[in-house]
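Only heavy atoms go into these numbers, but all of them, side chains included; no hydrogens, no water, no symmetry mates.
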Amino acid sequence: MNPRVRLWLVLVGGAGLAALFAAACLDLPRFGGDRHPYGDRAVHTSLARHTANTVSSVNFDQRAFDTLGEMTILFAAVLGCVVLLRQTRDERRERPCPEEVARPVRRYALLVLPVALLTGLYIVAHGQLSPGGGFQGGVVAATSLHLLYLGADYRALERVRPIGLFEAGDAIAASAYLVTGLAGLIGGTAFLANTLLPYGTFNTLSSGGTVPLLNAAIGMEVACAVVVLLARFLDQAVEIEPSGAESHEKR
């Protein structure tokens with residue numbers, strides 16, 4: 001296929017997409033209104049299924065299949081980084097030499113670390129009740145571990161994040177999300193349908209049916225994925241050196 005044909009394909013496809021977008025915009029609700037048909041239905045469904053956080057109800061119940069796609073994108077991105085940033089035959093590892101850390105930086109990093117970790121876990125655990133959820137809490141929990149890199153050194157970080165376990169955790173969490181969806185099919189309903197568990201008491205940790213399960217799976221998957229992702233980039237920046245290159249100190 002020559003460049004001219006590719007250009008025409010892009011133009012024709014783009015024109016069709018623009019026409020669809022224009023048609024969709026013409027049918028949108030009036031701007032500035034305080035009511036929206038989709039919003040009203042989402043809130044009604046969320047309350048009917050005892051999920052206090054409507055956003056989590058949308059993510060892990062009403063549009064749980066879309067969330068599966070988002071999780072798959074992150075999983076694929078991490079897998080790609082693991083493959084592309086792996087140590088090759090013409091590279092070697094140089095143990096980084098620790099550097100002196102300013103006392104204020106060390107003090108506040110080590111004080112904030114447990115607080116940030118607990119905050120991330122809290123956000124995941126209360127995703128069906130309050131703003132936040134698995135995506136946000138997973139990122140907070142994963143990045144909190146890296147305060148050890150700022151407050152101590154790279155070796156301290158390595159001791160608390162065994163990469164093999166986090167890679168396994170990423171795969172297990174992604175599988176748990178899929179298994180929960182398949183359980184719905186086995187139970188005679190739709191994939192990822194929120195029909196397996198009782199909805200529980202509204203505004204409690206046990207409410208929402210399968211929403212807390214899917215939310216926890218996403219939280220674990222995101223946390224493990226971010227840890228593995230940052231580990232691969234940090235390895236390249238701190239430890240991995242081309243063979244034959246003059247060694248130099250890295251922190």
Counting only heavy atoms not in N2 (residues, nucleotides, ligands), do more than 12 fall under 6.0 Å from its CG? yes

Side chain of N215, backbone of A125: donor and acceptor closer than 3.5 Å? no

Walk me through whether F233 and L85 qualify under side-chain contact (heavy atoms from CB on, under 4.5 Å). CA-CA 7 Å; F233 281 103; L85 298 179; 3.9 Å; yes

Using 0.5 Å steps for rounding, measure from the CG atom of D61 to the OG1 atom of T45. 8.0 Å

Nearest atoms (heavy-atom pairs only) where N203 meets A52: OD1-CB, 3.7 Å

Tracing side-chain links under 4.5 Å among I, L, V, M, F, W and Y, which residues wind up in one group with L118? none

Pairs satisfying ring-ring contact (aromatic ring centres under 6.0 Å, His included), at least one member in residues 87-106, at least two apart: none

L229 side, atom CG; L74 side, atom CG - distance, nearest 0.5 Å: 7.5 Å

Can you list, by chain and residue number, the hydrophobic cluster partners of L17 when the side-chain cut-off is 4.5 Å? F21

Going by side-chain heavy atoms closer than 4.5 Å, which hydrophobic residues are tied to L129, directly or by a chain of links? L205

Taking ring-ring contact (aromatic ring centres under 6.0 Å, His included) as the definition, give me every residue that meets it alongside Y38, ordered by chain and number, with sequence neighbours left out. H36

Other than L47, which residues form its hydrophobic cluster under the rule that side-chain heavy atoms must be closer than 4.5 Å? V43, F202

Is a donor on one side and an acceptor on the other found under 3.5 Å between the side chain of H50 and the backbone of S207? no

Spell out, yes or no, whether V211 and L197 are grouped together once hydrophobic residues are joined by side-chain heavy atoms under 4.5 Å, including indirect joins. no

Where do D235 and R161 come nearest, in terms of heavy atoms and distance? OD1-NH2, 4.0 Å

Quick one: salt bridge (charged side-chain N to carboxylate O under 4.0 Å, His left out) pairs with a partner in residues 38-47, sequence neighbours left out? R35-D40

Audit row: F60, L213, side-chain contact (heavy atoms from CB on, under 4.5 Å) steps and yes/no: CA-CA 9 Å; F60 305 113; L213 298 181; over 6 Å; no

For T54 against S46, the heavy-atom pair lying closest together: CA-OG, 3.6 Å

What pair of heavy atoms forms the shortest contact from G127 to S56, and how long is it? O-OG, 2.5 Å

Looking at T67 and N59, would you say the former's side chain and the latter's main chain have a donor-acceptor pair under 3.5 Å? yes

Would you kindly confirm whether F75 and V139 end up in one hydrophobic cluster when ILVMFWY residues are joined by side chain heavy atoms under 4.5 Å apart? no

Looking only at heavy atoms, the pair that brings R86 and Q236 closest together is O-NE2, 4.4 Å

Taking distance alone, no hydrogens or angles, what donor-acceptor pairs closer than 3.5 Å link side-chain atoms of residues 102-111 to residues at least two apart or in another chain?
residue, atom, partner, partner atom, Å
R106, NH1, G151, O, 3.3

Is it the case that atom CZ in R63 sees more than 12 heavy atoms from other parts of the structure closer than 6.0 Å? no

Quick check: is L196 connected to L214 through a chain of hydrophobic side chains (ILVMFWY, heavy atoms under 4.5 Å apart)? no

Scanning both residues in full, the closest heavy-atom pair of A142 with V227 reads CB-CG2, 3.7 Å

Side chain to side chain donor-acceptor pair (under 3.5 Å) contacts touching residues 132-147 (sequence neighbours left out): none

Is there a chain of hydrophobic side chains (I, L, V, M, F, W, Y, each step under 4.5 Å between heavy atoms) that links V78 to F135? yes

How many angstroms lie between atom CG of D153 and atom CZ of R159, to the nearest 0.5 angstrom? 6.5 Å

Please list, one pair per line, the donor and acceptor atoms closer than 3.5 Å that link side chains of residues 172-192 to other protein atoms, with sequence neighbours excluded.
residue, atom, partner, partner atom, Å
S175, OG, A171, O, 2.9
Y177, OH, A64, O, 2.8
T180, OG1, A176, O, 2.8
T189, OG1, G184, O, 3.0
T189, OG1, T195, OG1, 3.0

Only pairs at least two apart or in different chains count here, so list each salt bridge (charged side-chain N to carboxylate O under 4.0 Å, His left out) that has a residue in residues 165-187. E167-R232

When clusters are formed by joining ILVMFWY residues with side-chain heavy atoms under 4.5 Å apart, either directly or through shared neighbours, do L230 and V228 land in the same one? yes

Return the set of residues passing ring-ring contact (aromatic ring centres under 6.0 Å, His included) with Y122 (not counting sequence neighbours), or none when no residue passes. H126

Stepwise side-chain contact (heavy atoms from CB on, under 4.5 Å) test for F166 and L145: CA-CA 12 Å; F166 281 95; L145 298 179; 4.0 Å; yes

